[in-house]
Amino acid sequence: DKDDELNNPNDWVAYITHHSSRWFPGGFRPYDGETLENFRKQMIKVATLAVAAVESHDRKINSDG
């Protein structure tokens, strides 16, 4: 995606960090179903962002090469 080309590695890390911790309600306890579903959704976003970051990186490297 062309918009991804505007992101640098720091941007990707910030997005991934945001979503990887967004689900966490704090503390260590048994989590309820809603928390676990939110965890799953956020991890899917993390995975999607990680793939997008690698693809963006590869496109930049290949276009500079």
Side-chain angles (χ1 to χ4, degrees):
D1 187 276
K2 286 185 178 182
D3 292 337
D4 289 347
E5 304 308 314
L6 301 175
N7 295 324
N8 63 49
N10 292 345
D11 296 328
W12 290 112
V13 169
Y15 301 145
I16 290 168
T17 300
H18 170 76
H19 285 286
S20 67
S21 61
R22 190 171 178 186
W23 72 275
F24 189 61
F28 296 97
R29 59 181 181 263
Y31 298 116
D32 61 27
E34 183 178 340
T35 299
L36 294 174
E37 181 60 25
N38 192 21
F39 168 78
R40 182 180 185 282
K41 288 177 183 178
Q42 294 305 319
M43 293 303 105
I44 289 170
K45 289 178 183 181
V46 167
T48 302
L49 285 164
V51 169
V54 171
E55 289 174 346
S56 175
H57 172 77
D58 290 351
R59 282 192 301 273
K60 287 179 183 178
I61 294 300
N62 290 331
S63 69
D64 291 342

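Predicted model, so just to flag it, every value in this text is computed and none were measured. FYI, the numbering just counts along the sequence from 1.
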TODO: Write down the atom of Asp11, the atom of Asn7, and the distance for their closest heavy-atom approach.
DONE: OD2-CA, 3.3 Å
Task: Apart from Phe39 itself, residues in the same hydrophobic cluster as defined by side-chain heavy atoms under 4.5 Å - done: Trp12, Tyr15, Ile16, Trp23, Phe24, Phe28, Tyr31, Leu36, Met43, Val46, Leu49
- [ ] Calculate, to the nearest 0.5 Å, the distance between atoms OG and NZ belonging to Ser20 and Lys45 respectively.
- [x] 12.5 Å
Task: Those residues that, when tested against Asp32, pass side-chain contact (heavy atoms from CB on, under 4.5 Å) (two or more places apart) - done: Glu34, Thr35
- [ ] Quick one: pull up CD in Glu5 and NE2 in His57 and give me the separation to the nearest 0.5 Å.
- [x] 11.5 Å
Task: Euclidean distance, His18 NE2 relative to Arg22 CZ, rounded to 0.5 Å - done: 4.0 Å
TODO: Look at the side chain of Ser56 and the backbone N and O of Ala52, then say whether any donor-acceptor pair between them is shorter than 3.5 Å.
DONE: no
Task: Distance in Å, Glu55 CD paired with Asp58 CG, rounded so as to fall on 0.5 Å steps - done: 8.0 Å
